[in-house]
Amino acid sequence: MWQQLINWLFPSRCLMCQTLVTQNNEQLCPHCIADLPFIEITATNINLLYRPDISRLFPVIHFDNLWALAWYHPPFKHWLSKLKFNNKIYLSTALGQIINQRFEAYTQHPEFNWPDIIIILPLHTKRFKQRGFNQVSQTWYHCLPKDKVREDILVRQKATQPQSKLTAAKRKLNLATAFNCTNDLRNLRIALIDDVVTTGATASAAALCLKQAGAIHVSLWVTCITPLNS
């Protein structure tokens, strides 16, 4: 009753078209979501690394599978940037709404298999204290099966420079020894989650660390892929 009263007094409006949104905890209407430029998967293959236009972005990587919601273009670029760097926490609701819908369809694909463990890429403690939150967790966590999410396996032991300010070569050097894993992951399949993948250096460094601990397969699930020369 109280929730209905709050919704009546303070109705939500779509971030894009400003029409009323009737469902609780939603910020986008179905029409605007349907118009968003998503990256589609095919009926026979869900690994985006098999797409030539995407695989050429990541010539040397240690993860084996890739799924992404969209290219790093507006409105996703605007929303993620505002959330990550301007503390616009309310945008995590809109992003989470989209991720939840698209990810549910992805996991129902006949080629999809759940990994043994899901890891949201961690921030270094220093970066987490500065920002106050992990933007990937804010948008992804409620979409995931909680019995598979682990926060104690991968540790970011090095406070690296922001990757967005570095060249591809410097990104790899910047991430040397950035992650640590002391768990025995023999014969396990892992999924890593991040917000944006550009050169793949961060995810690749994390995937290599997991494979050195015994993981046999590492998937990368991201919100956006940065296009070439973007």
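Residues: numbered from 1 along the sequence shown.
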If you round to the nearest 0.5 Å, how far is OG1 of T107 from NE2 of H109? 11.0 Å
By side-chain hydrogen bond (donor to acceptor under 3.5 Å, both in side chains), which residues pair with Q108, not counting sequence neighbours? none
Atom pair CG/CD of N100 and E26 - distance to nearest 0.5 Å: 9.0 Å
So do P115 and W221 actually touch side chain to side chain, heavy atoms under 4.5 Å? yes
Where is the tightest heavy-atom contact between Y90 and Q27, given as atom of each residue plus distance? O-OE1, 2.9 Å
When rounded to the nearest 0.5 angstrom, what distance separates CG in L154 from CD1 in I119? 5.5 Å
Would a 4.5 Å heavy-atom cut-off, applied to side chains only, mark T19 and C32 as touching? no
Any donor-acceptor pair under 3.5 Å linking the side chain of N134 with the backbone of V136? yes
Salt bridge (charged side-chain N to carboxylate O under 4.0 Å, His left out) pairs, two or more places apart, involving residues 194-207: K84-D195
Sub-3.5 Å donor-acceptor pair from the side chain of N86 to the main-chain atoms of K88, do we have one? no
Residue pairs passing the salt bridge (charged side-chain N to carboxylate O under 4.0 Å, His left out) test where at least one lies in residues 213-225, sequence neighbours excluded: none
I89 and Q138: CA distance, side-chain angles, deciding distance, side-chain contact (heavy atoms from CB on, under 4.5 Å) verdict: CA-CA 8 Å; I89 303 297; Q138 289 283 333; 4.0 Å; yes
Stepwise side-chain contact (heavy atoms from CB on, under 4.5 Å) check, R156 with F179: CA-CA 5 Å; R156 195 145 191 171; F179 296 98; 3.8 Å; yes
Closest heavy-atom pair and its distance - D152, R150: OD1-NE, 2.8 Å
With a 4.5 Å cut-off on side-chain heavy-atom distances among I, L, V, M, F, W and Y, is there a chain of contacts connecting I117 to L208? no
Please enumerate all residues that pass salt bridge (Lys or Arg N to Asp or Glu O under 4.0 Å) together with D147, with sequence neighbours excluded. none
Quick check: closest heavy atoms across A206 and L121, and the distance to 0.1 Å? CB-CD2, 3.6 Å
Interatomic spacing from CG in L83 to CZ in F85 - rounded to 0.5 Å: 10.0 Å
Any heavy-atom pair between the side chains of L192 and L210 that's under 4.5 Å? yes
Tell me the side chain to side chain donor-acceptor pair (under 3.5 Å) pairs involving residues 28-47, sequence neighbours left out? E40-R102
Do the side chains of W140 and T223 get nearer than 4.5 Å, heavy atoms only? yes
Here the pair of heavy atoms bringing C17 nearest to C14 is N-SG, 3.6 Å
Any side-chain heavy-atom pair from L28 and V21 closer than 4.5 angstrom? no
K77 side chain vs W71 backbone, donor-acceptor pair below 3.5 Å: no
Residues 58-70 side chain polar contacts: donor-acceptor under 3.5 Å, at least two apart:
{"unit_1": "D64", "atom_1": "OD1", "unit_2": "K211", "atom_2": "NZ", "d": "2.9"}
{"unit_1": "D64", "atom_1": "OD2", "unit_2": "K211", "atom_2": "NZ", "d": "3.0"}
{"unit_1": "D64", "atom_1": "OD2", "unit_2": "V218", "atom_2": "N", "d": "2.8"}

So how far is it from Q18 CD to S12 OG, rounded to the nearest 0.5 Å? 11.0 Å
Is L220 linked to L228 within one hydrophobic cluster, defined over Ile, Leu, Val, Met, Phe, Trp and Tyr using a side-chain heavy-atom separation of less than 4.5 Å? yes
Do L36 and M16 have side chains that approach each other closer than 4.5 Å (heavy atoms only, starting at C-beta)? yes
Least distance between heavy atoms, L57 atom then P227 atom: CD2-C, 4.5 Å
S81 side chain to H78 main-chain N or O, any donor-acceptor pair under 3.5 Å? no
T139: which of T93, I120, I99 passes side-chain contact (heavy atoms from CB on, under 4.5 Å): I99
Given R13 and L20, is the side-chain contact (heavy atoms from CB on, under 4.5 Å) satisfied, shown in steps? CA-CA 4 Å; R13 291 189 176 272; L20 288 175; 3.7 Å; yes
Can you label the angle between the W114 ring and the F112 ring as parallel, tilted or perpendicular, going by 30° and 60°? perpendicular
Taking the side chain as everything from C-beta on, heavy atoms only, tell me whether Y72 gets closer than 4.5 Å to T198. no
Could you please spell out the steps behind the side-chain contact (heavy atoms from CB on, under 4.5 Å) verdict for F103 and L144? CA-CA 9 Å; F103 186 66; L144 305 171; 4.0 Å; yes
Distance (rounded to the nearest 0.5 Å) between I190 CD1 and I193 CD1: 12.0 Å
Taking the side chain as everything from C-beta on, heavy atoms only, tell me whether F38 gets closer than 4.5 Å to I98. yes
Which heavy atom of N183 sits nearest a heavy atom of A213, and at what distance? O-CB, 3.5 Å
